[in-house]
Amino acid sequence: KSAYYLGKIAHLLFPKNIPDIHSAYNESNDTSVLQIQKGESDLPHQMSHRVWLEVSKPIYVQRKVSSDERRAMHQHFQQTEHNPKVIKLRKEASLKGFKMDYGGQNFSQDEQGNITYLETNPAWEYRKDGSTLYWFDEARLQNSINELPEPNRTQALKYLQRLLKLVPKK
């Protein structure tokens, strides 16, 4: 649920850059499922993502991925990570209270030149060292929501209230 509420708020703040989440539910095996607005990623991202998915599999089920494919994937993700438009979006998101995963694999560019953030973050996650990583800043998010026009402001405030009921206390 936290990824749903945070994602809905993020989409209202960045409608051109963060796809909308249509629904969230748990399957019978406790797997969380998010249904997200389908967007087209750019061709270099699609190719790099296919390689990334393949090399992320256990070695015994991977198809052979050439060193050229791996190199191209890493190069594409590095270029994306350092793209000035990506850096600008990450900075704007941070100032508005929404943290983004920095990896280049999490961003794509649409035909209009808009950067799209492809990752869906939970509102928080527990770290191995016992600490909690929060993917949002409550005060900044509240201020950013207050700047939204109606009816988006009212809707975002409802999502924030629901999100804050789920968040573990700091």
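- Asn152 places no side-chain N or O within 3.5 Å of a backbone atom of Leu12 that could act as its donor or acceptor partner.
- Atoms NE2 and OG, from His74 and Ser67 in turn, are 11.0 Å apart once rounded to the nearest 0.5 Å.
- The minimum heavy-atom distance between Phe136 and Ala123, with the atom names listed, is CD2-O, 3.6 Å.
- Across every non-hydrogen atom of Leu13 and Ile145, the tightest pair is CD2-N, 4.3 Å.
- A 4.5 Å side-chain heavy-atom check between Tyr126 and Pro168 finds at least one atom pair inside the cut-off.
- Residues Ser2 and Val167 have side chains not in contact (no heavy-atom distance under 4.5 Å, counting atoms from C-beta outward).
- In this structure, NE2 in His11 is found 12.5 Å from OG1 in Thr120, a value given to the nearest 0.5 Å.
- Qualifying salt bridge (charged side-chain N to carboxylate O under 4.0 Å, His left out) partners for Lys8, counting only residues two or more places apart in sequence or in other chains: Asp20.
- Remark: side-chain polar atoms of Lys99 are not paired, donor with acceptor, to backbone N or O of Arg90 under 3.5 angstrom.
- Hydrophobic clustering of Ile, Leu, Val, Met, Phe, Trp and Tyr side chains at less than 4.5 Å, counting indirect connections, keeps Ile87 apart from Phe14.
- Arg153 contributes a side-chain N or O that, together with a main-chain N or O of Asn146, makes up a donor-acceptor pair within less than 3.5 Å.
- The shortest non-hydrogen separation linking Gly7 to Ile21 is CA-CD1, 3.7 Å.
- Between Arg127 and Thr132 there is no side-chain heavy-atom pair separated by less than 4.5 Å.
- Trp135 and Tyr102 fall into different hydrophobic clusters, where Ile, Leu, Val, Met, Phe, Trp and Tyr residues are linked whenever their side-chain heavy atoms come under 4.5 Å apart, directly or through other members.
- The six-membered or imidazole ring of Tyr117 lies near that of Phe107, with a centre-to-centre distance under 6.0 Å.
- In Glu150, the CD atom is crowded: over 12 heavy atoms of neighbouring residues, nucleotides or ligands sit closer than 6.0 Å.
- With values rounded to the nearest 0.5 angstrom, Gln142 atom CD is found 9.5 Å from Ile9 atom CD1.
- Tyr134 and Leu166 end up in the same hydrophobic cluster when Ile, Leu, Val, Met, Phe, Trp and Tyr side chains are linked at under 4.5 Å.
- In this structure, Leu164 is a member of the same hydrophobic cluster as Tyr5, with clusters built from ILVMFWY side-chain heavy atoms closer than 4.5 Å.
- Counting all heavy atoms, side chain and backbone alike, Leu95 lies closest to Arg140 at O-CD, 3.6 Å.
- Atoms NZ and CZ, on Lys158 and Arg162 in that order, are 7.0 Å from each other to the nearest 0.5 Å.
- Distance check: Thr116 OG1 to Asn106 CG gives 12.0 Å after rounding to the nearest 0.5 Å.
- Nearest heavy atoms, Ser108 versus Leu118: CB-CD1, 3.8 Å.
- The closest side-chain heavy-atom distance from Glu119 to Asn121 is below 4.5 Å.
- Using a 4.5 Å heavy-atom cutoff, the side chains of Asn83 and Ile115 are in contact.
- Of all the heavy atoms in Leu6 and Pro122, the pair that sits closest is CD2-O, 3.8 Å.
- The CG atom of Asp137 lies 13.0 Å from the CZ atom of Phe98; values are rounded to the nearest 0.5 Å.
- Looking at heavy atoms from C-beta onward, Asn17 lies out of side-chain contact with Met100 at the 4.5 angstrom threshold.
- Here the side chain of His76 pairs no donor or acceptor atom with the backbone of Ala72 at under 3.5 angstrom.
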